[in-house]
Structure formats: structure tokens, C-alpha cells
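One structure below.
In what follows, residues are counted from 1 in the order of the sequence shown.
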Amino acid sequence: MTLEISLRRSLLSSLFIQTGNDKPRKPHWVGDRQPAPARQRQTPGGRQGDQPPSRQDPRGYRDLASLTLGEVQDAYRFFESQLLPSPYEAWVAPHYFCMLELVRRRDGRPPVLFGRVKTCYPSDGYIQNIQDMELYFPNKNGRPDTVLVGAEDILLDPSRPVQSYCVRVKFFAAPEDIEEFERNGNILVQNGFLPEFHTGYLDLLDMSEPEHAAYPWLYVVSSRWFASIPGWVQPEVRERLKDLIQWSKLIFNYHPENLPGEIRTLNRELGFKYGFTDIVLVEPADPAQTLRVVASTFEKLFQRPMK
């Protein structure tokens, strides 16, 4: 199955979160997409095609029978390029994404369900040990719906294990930065984010506009890493970082407070300054702050409609 994704600037505007004062700018929306008309069909039990299943039960959960396979595919395609398989197969926990095969029933539910884990009962763990899950299901026209999935709804086939995913976060980091994150017990993975560490600059320079839709949304760029780049290539790196912002990617500048004064922040390197430029990069100073800003930023992106 071939899947592809298209990112829209309205979702990932470079002005979103990059203001340096925890007060994201509000983008101006022009127009909207009209939802496609519901497909009519005859359903089991005599329900006519012009009477679709109720979308929500009295508790507010989205009814599994109201989901379509097309909606599931659209949600997966939208997030596919932002996800990597989690390090632990079939492990599910809050903030992880997962793809579940569902037990077939006569209510018209799709054969698979894709979503982001909200809660698990009795606790996080391997899918075989979970009795109930609340999943966020992405929505084209509003905030994600919440779907309740019980153990009896999940088809467990040993030949096709459940796949869980973490959100990609691309790091351009110095070895010292990587050591600092490793000393903090892999807190990113524990919260559903998988760092991709790069110590060189060629991977950044190889990025191109025609392929930018498939690149990660979130980047952490270290001040130490930038300072370690040879002077002759720094101008080109500066321009490529500005390209990422132009392509609606979100950059956070990892800048520990104990750095020598000659190591400048990316805001200074790129000419950004609060109150004088529209874009100012957030500057987390340690792994815990990095996790908080990455998690809060992605949460805001995830809560938006899939436009």
C-alpha cells in the first residue's frame, strides 16, 4: 500500500510557537474545505443509507461503527512521515500512535484503527495486557475524536503484531548534547518522541524544497553543534535553517546556560530578536525543557484539524 502526505502551511506556520514568550501567534485563516457528503449505504439491521450511525455515544466517545476505512487511511497518511516505529514492538502508552486490527462485527466498523493513545487501563504496556484504551482519532474538520477500544475489539494475531509509533524529532547536536540526553533516561521516548541525532551538517544541506513535505515537523538544533561547523560552511547552514522555517518546520535551539560566551544562540546567528523580528526561536536549556516545549508544540499541532 502506497501512502503519501501533504503538509499545509496553515497547519505548521513558522509563526506558531516561535515567539519566545509562550504566546503563539494566531494565524489568519482564509477559506475552508467543505466536508464530503456522507456515502449512503444499506447497513445490517435494516438501517437505511440516509440514516448514518450515531457518531457519539452518551459518554461522548466516537462510535467505532461511524468510522470509515477511508477516514482511517487519511489519518494515517497525514501523520505517516512524522512517525517511526517505537523501539518496543506492540508497546502502547499515552502519546504513542498505534495501528490496531479490529475484530470484524456486523456494525460496519473498519478493519483497522489508527490513532494516538490518550489513556490505557490498567496501565501502559504491551497490547495483550491492556483491557481498555482511549484513542484520539484525527479529524479533518475539528479537534480529534476520542474512541474507546476494549480488548474484545482488538484482533491479536501473532503473525501480525500491533505496531506502535513515536513522533520523529530531528536533532542536529554535538556529542556533548547527545550525552546529556542519554543521561536523562531517554525521556523523549518515554513520552512518545523518537530523537534522530545527527552530528554532521551534510544531512541538513541535502534537504531540498521539492521533498520538504516528507521531512519532520520538529527540529532541535544545538548552539554547540552550530559553533562546531567550519566557518566556511556556516553561511550555507544558516540559509538552510531559514529554509526549514520557510517550509513551515519548527526549530528549537538547544542552548544550555553554562555554555561559554563565544557560543552564540541561533537567534543571534540567524538575526532573530524578540520585538524586532516575526520569528524568534525557543531556547530550551536542558533535556527536560526540551521535552516540554517539543511535547506542548506537537500537542497544539495535533489538536488542529487535518488541513
**Q.** From CG (L241) to CZ (F272), nearest 0.5 Å
**A.** 8.5 Å

Q.
If the test is ring-ring contact (aromatic ring centres under 6.0 Å, His included), which one of F193, F114, F137, Y165 qualifies with F97?
A. F114

Q) Is there a donor-acceptor contact under 3.5 Å from the side chain of D286 to the main chain of Q289? A) yes

Q.
Taking the side chain as everything from C-beta on, heavy atoms only, tell me whether L67 gets closer than 4.5 Å to R62.
A. yes

Q: Taking all non-hydrogen atoms of both residues into account, name the closest pair between I130 and A151 and its distance.
A: O-CB, 3.6 Å

Q: Taking the side chain as every heavy atom from C-beta outward, state whether I127 and L156 have any atom pair closer than 4.5 Å.
A: yes

Q: Determine, for D243 against K249, whether the closest basic-nitrogen to carboxylate-oxygen distance falls under 4.0 angstrom.
A: no

Q. Looking only at heavy atoms, which two atoms of A93 and C120 are closest? And how far apart?
A. CA-SG, 4.3 Å

Q | NZ/NE/NH1/NH2 to OD/OE distance under 4.0 Å, R105 and E152 | A | no

Q | Backbone of D203 reached by a side-chain donor or acceptor of D206 within 3.5 Å | A | no

Q) Which hydrophobic side chains are connected to Y126, either touching it within the sub-4.5 Å cutoff or through other members that do? A) L84, Y88, W91, Y96, V189, L194

Q: Kindly give the heavy-atom pair with the smallest separation between V293 and P284, and that separation in Å.
A: CG1-CG, 4.2 Å

(Q) Do P216 and E196 have side chains that approach each other closer than 4.5 Å (heavy atoms only, starting at C-beta)? (A) yes

Q: May I ask you to test the L301-L250 pair for a side-chain heavy-atom distance under 4.5 Å?
A: yes

(Q) Under the criterion salt bridge (Lys or Arg N to Asp or Glu O under 4.0 Å), I'd like the reasoning laid out for D63 against R109: C-alpha separation, chi angles, the key distance, then a yes or no. (A) CA-CA 9 Å; D63 191 337; R109 66 183 58 184; 5.8 Å; no

Q) How about E236: does its CD atom have over 12 heavy atoms from other parts shown lying under 6.0 Å from it? A) no

(Q) For a 4.5 angstrom cut-off between non-hydrogen side-chain atoms, does I251 reach L218? (A) no

Q | Polar side-chain atom of N186 near backbone of E182 as donor-acceptor pair, under 3.5 Å | A | no

(Q) How close do M207 and R240 get, counting heavy atoms only, and between which atoms? (A) O-NH1, 2.5 Å

Q | Point-to-point distance, once rounded to the nearest 0.5 Å, from OG of S222 to CD of E176 | A | 8.0 Å

Q.
Going by the rule side-chain contact (heavy atoms from CB on, under 4.5 Å), which residues pair with P122 if we only count those two or more places apart in sequence or in a different chain?
A. Q131

Q) Do the side-chain N and O atoms of Q82 and R168 include a donor-acceptor pair separated by under 3.5 angstrom? A) no

Q.
Quick check: do W217 and S248 have side-chain heavy atoms less than 4.5 Å from each other?
A. no

**Q.** L148 with L100, same ILVMFWY side-chain cluster at under 4.5 Å
**A.** no

Q: Treating Ile, Leu, Val, Met, Phe, Trp and Tyr as nodes and any side-chain heavy-atom pair under 4.5 angstrom as an edge, say whether L270 and L205 lie in one connected cluster.
A: yes

Q.
Using the rule that Ile, Leu, Val, Met, Phe, Trp and Tyr join whenever any side-chain heavy atoms are under 4.5 Å apart, tell me whether V103 and L64 fall into a single cluster.
A. no

Q | Interatomic distance, H255 atom NE2 to D177 atom CG [nearest 0.5 angstrom] | A | 11.0 Å

Q. Same cluster or not: are V294 and F302 linked, directly or through other Ile, Leu, Val, Met, Phe, Trp or Tyr residues, by side-chain heavy atoms under 4.5 angstrom apart?
A. yes

Q: Please name the pair of heavy atoms, one in R304 and one in K300, separated by the smallest distance, quoted to 0.1 Å.
A: CG-O, 3.2 Å

Q | Name of the residue among F181, W225, Y254, Y219 meeting ring-ring contact (aromatic ring centres under 6.0 Å, His included) with F171 | A | F181

Q: Please say whether more than 12 non-hydrogen atoms of neighbouring residues, nucleotides or ligands are located less than 6.0 Å from CZ in R264.
A: yes

Q: Say whether F226 and L259 are linked into one hydrophobic cluster, either directly or through other cluster members, by side-chain heavy-atom distances under 4.5 angstrom.
A: no

(Q) To the closest 0.5 Å, what do you measure between OG1 (T290) and CD (E283)? (A) 11.5 Å

Q: Over all heavy atoms of both residues, which pair between L69 and V112 is shortest? Give the atoms and the distance, please.
A: CD1-CG2, 4.0 Å

Q | Donor-acceptor under 3.5 Å (D153 side chain, G150 main chain) | A | yes

Q: Flag yes if more than 12 heavy atoms outside E257 fall under 6.0 Å of its CD atom; otherwise flag no.
A: no

Q) Say you draw a straight line from CD of E239 to CD of Q246; how long is it, rounded to the nearest 0.5 Å? A) 11.5 Å

(Q) Checking Y201 against V233 for the side chain to side chain contact (heavy atoms under 4.5 Å, CB included) test, could you report, in this order, the C-alpha distance in whole Å, the side-chain angles of both residues, the deciding distance, and whether it holds? (A) CA-CA 9 Å; Y201 54 84; V233 79; 3.9 Å; yes

Q. Should N184 and L291 count as side-chain neighbours, where that means a heavy-atom distance under 4.5 Å?
A. no

**Q.** Polar side chain donor-acceptor pair, T265 to N253, under 3.5 angstrom
**A.** no

Q. When the ring planes of Y215 and W247 are compared, do they come out parallel, tilted or perpendicular, using 30° and 60° as the limits?
A. tilted

Q: Ignoring hydrogens and angles, tell me if any N or O in the side chain of N267 forms a donor-acceptor pair with the backbone of V280 under 3.5 Å.
A: no

Q: For the pair L113 and I154, evaluate side chain to side chain contact (heavy atoms under 4.5 Å, CB included) and give the outcome as yes or no after the intermediate values.
A: CA-CA 9 Å; L113 175 63; I154 303 172; over 6 Å; no

Q: Taking Y274 for its side chain and I279 for its backbone only, find out whether a donor-acceptor pair lies under 3.5 Å.
A: no

Q) Taking C-beta and beyond as the side chain, do Q163 and C98 meet within less than 4.5 Å on heavy atoms? A) no

Q. Are T146 and E134 linked by a side-chain donor-acceptor pair shorter than 3.5 Å?
A. no

**Q.** E71 side chain to T68 backbone, donor-acceptor under 3.5 Å
**A.** yes

Q) Hey, what do you get for OG (S223) to CD1 (I263), rounding to the nearest 0.5 Å? A) 7.5 Å

